[in-house]
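Below is one structure, written out as structure tokens; the observations come after it.
Counting starts at 1 for both ligands and their atoms, following the listed order. The model shown is predicted, which means the values in this text are computed figures rather than measured ones. In this chain, numbering begins with 1 at the start of the sequence shown.
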Amino acid sequence: MQPSCISNEAEEEISRHPCYSEEAHRFYARMHIPVAPACNIQCNYCNRKFDCVNESRPGVVSEVLSPEQAERKVKGVAAQLMQLSVVGVAGPGDPLANPEQTFDTFARVKRHVPDVSLCLSTNGLTLYRHVDEIIELGIRHVTITINAIDPDVGREIYPWVFDEGVRYEGREAAELLISRQLQGLEMLAKLGILVKVNSIMIPGVNDHHLPAVSKRVKELGATLHNVTPLIIAPGSQYEADGRKAPRPKELHNLQELLGRDGMKVMRHCRQCRADAIGLLGQDRNQDFPLEAMEDDPAINEAARAQFQHDLDAKIRERVKVRRERHMQENAPKIRVAVATRGGDKVNQHFGHATEFLVYDTDGAEVQLLGVRKIQAYCHGKADCNGDKAATLQEIISILSDCRILLCSGIGEGPRASLNKAGVLPLVRKGGIQEAILESVKYSSYFENINISKG
Ligand SMILES: C[S@@+](CC[C@H](N)C(=O)[O-])C[C@H]1O[C@@H](n2cnc3c(N)ncnc32)[C@H](O)[C@@H]1O
Ligand code: SF4
Ligand code: SF4
């Protein structure tokens, strides 16, 4: 199969995968199973040791599961969560640095919950060695994190790589990793596997290099490019170096640039934990404690199929309406930030938000621009109790191009500060799209705010 040729079967899988399809992410849930603690490389941004309940970022988990425990948990979740469509292994380390646990887990999931898609997220170092297992198990989605294709850039990201008993450092380490990543990508794409490439935007290291990465991975058959911002992980090398996360505008500009070059770009990544369960942005792991899982729960396959069939119809209808209402490129737009815990609803108090979804609207159509994390929350402070005033200023600067902020509640202090900064906070509940359109109409500001600040 040609890399760029997507079969009907693949189209259908994408339409149910919350990460590959922006529409699916409103309705379909994924489950990450944390069965892979070890890693075979070091990235300067990653620290899996730091554990903090407030943290929601990749590499963080409450507990690592054995394949037996993972099976129990997946069965329990599938019995309760009808919209579960994807089960993936994404850490907390690298799934392919723990191949026995990873593939044993996938085999169990396939046996007991055959209707879910399997998904794997890896740094790609040993991918080429596992292609047969991936095909055999029917794993249809693989994510490879590729931050550089130039070893001189890569050496600033990866201090070491460990392969077959040998530790590589410096340029040599980056060279080996990059060649393996590109090799694995090409092999999988040629076999019709849907490959998503993750790249972390690291200002001053690879930000200017990512268009070249995007071009190369597209040539090799990647389906989707997911560029996410660096999160300054406490205890990481980049924290010690004083590196900074990119500004939302810089990330947005880069995503736009890659999109213009013809790559399909993911904009709704929530940079989930390695044990996240539920709709994107709505982590329900705490609702499914392992101890509460039954030994052999009844999974009603017919009910799951009917439920998902109805979801598909809803998605098709939304896509049709969106196409009809397609937002005019040059129409004046209003930028709206939304505090949400997921579920496609305005349901988060401003003070509890750790991220905002940002949309543009012309008053008739609503378009997701991306996710903005609040970096200041756990910004390298071991107790996560940052200075409140500084945190508020950071949030205001992150939302400064927005005209309206929708949240389920907000205190008087932040309300006044946001107002002063030209962002109108409105307390709303319910569906995001409806709330955005209603708030824009409702607002007597409408005439005054019909030109986007962004
Ligand atoms: C925890 S990793 C697990 C899978 C695999 N080890 C990998 O790196 O691709 C999942 C994703 O989180 C990203 N990630 C880890 N730490 C991060 C950080 N501090 N900032 C941004 N992305 C990060 C990784 O680069 C990867 O794309
Ligand atoms: S490859 Fe993944 S798990 Fe390993 S150090 Fe990098 S981000 Fe962390
Ligand atoms: S981290 Fe991004 S790509 Fe991975 S499951 Fe979450 S939203 Fe999807």
Tell me which part of [X] gets within contact of ligand 1: side chain, backbone, both or neither, using heavy atoms under 4.0 Å.
X    : result
S236 : neither
I231 : both
T122 : backbone

Next item on the list: Give a yes/no on ligand 2: does G93 have at least one heavy atom closer than 4.0 angstrom to it?
Entry: yes
* Give a yes/no on ligand 2: does A97 have at least one heavy atom closer than 4.0 angstrom to it? => no
To the nearest 0.5 Å, atom CG of L182 lies from atom CG of L220 at 6.0 Å
re atom 5 (S) of ligand 2, the protein heavy-atom contact at minimum distance is C43 N, 3.4 Å
So the atoms of ligand 3 within less than 4.0 Å of a heavy atom of L280 turn out to be 7 (S)
Counting from 1 in the order shown, the ligand 3 atoms closer than 4.0 Å to a non-hydrogen atom of K196 are 3 (S)
Ranking C272, C46, P229 by closest non-hydrogen atom to atom 21 (C) of ligand 1, top hit is P229
Would you mind checking if [Y] and [X] are paired as a salt bridge, meaning a charged N to carboxylate O distance below 4.0 Å?
X    : Y    : answer
D152 : R171 : yes
R167 : E172 : no
D344 : R26  : yes

Ligand-side contact atoms (ligand 2) for residue partner [X], heavy atom cut-off under 4.0 Å:
X    : result
P92  : 3 (S)
N123 : 1 (S)
C46  : 5 (S), 7 (S), 8 (Fe)

For ring-ring contact (aromatic ring centres under 6.0 Å, His included), just list the numbers for F103 and H130, CA-CA rounded to whole Å, side-chain angles, deciding distance to a tenth of an Å, and then say yes or no. CA-CA 10 Å; F103 291 117; H130 296 287; 5.5 Å; yes
Any atoms of ligand 1 less than 4.0 Å from a non-hydrogen atom of [X]? List them with their elements.
X    : value
N123 : 5 (C), 7 (C), 9 (O)
Q271 : 21 (C)
T145 : 7 (C), 8 (O), 9 (O), 25 (O), 26 (C), 27 (O)

When you measure from the heavy atoms of C39 to every atom of ligand 1, does any distance fall below 4.0 Å?
no
| message | Tell me whether ligand 1 is touched by A274 - counting only heavy atoms on the residue side and a distance under 4.0 Å. | response | no
Under the 4.0 Å line, does any protein heavy atom show up next to atom 7 (S) of ligand 2?
yes
Got an N/O contact under 3.5 Å between [X] and ligand 1?
X    : value
T228 : no
N198 : yes
G93  : yes

> Do any heavy atoms of H32 fall under 4.0 Å from ligand 3?
Replying inline: yes
State, without any angle test, whether [X] and [Y] hold a side-chain donor-acceptor pair at a distance under 3.5 Å.
X    : Y    : answer
T143 : K196 : yes
D241 : Q237 : yes
S21  : E23  : no
Y45  : N147 : yes
N40  : D94  : no
H225 : S199 : yes
R316 : S15  : no

Cation over ring, R372 on F356, under 6.0 Å and within 45°? no
At under 4.0 Å between heavy atoms, what of R30 touches ligand 3? The answer is side chain
Any heavy atom of N40 under 4.0 Å from ligand 2? The part involved is neither
H141 and Y20: CA distance, side-chain angles, deciding distance, ring-ring contact (aromatic ring centres under 6.0 Å, His included) verdict: CA-CA 9 Å; H141 301 91; Y20 283 70; 4.8 Å; yes
Worksheet item: Within the stated cut-off of 2.8 Å, is an N/O/S atom of C39 closer than that to atom 6 (Fe) of ligand 2?
Response: no
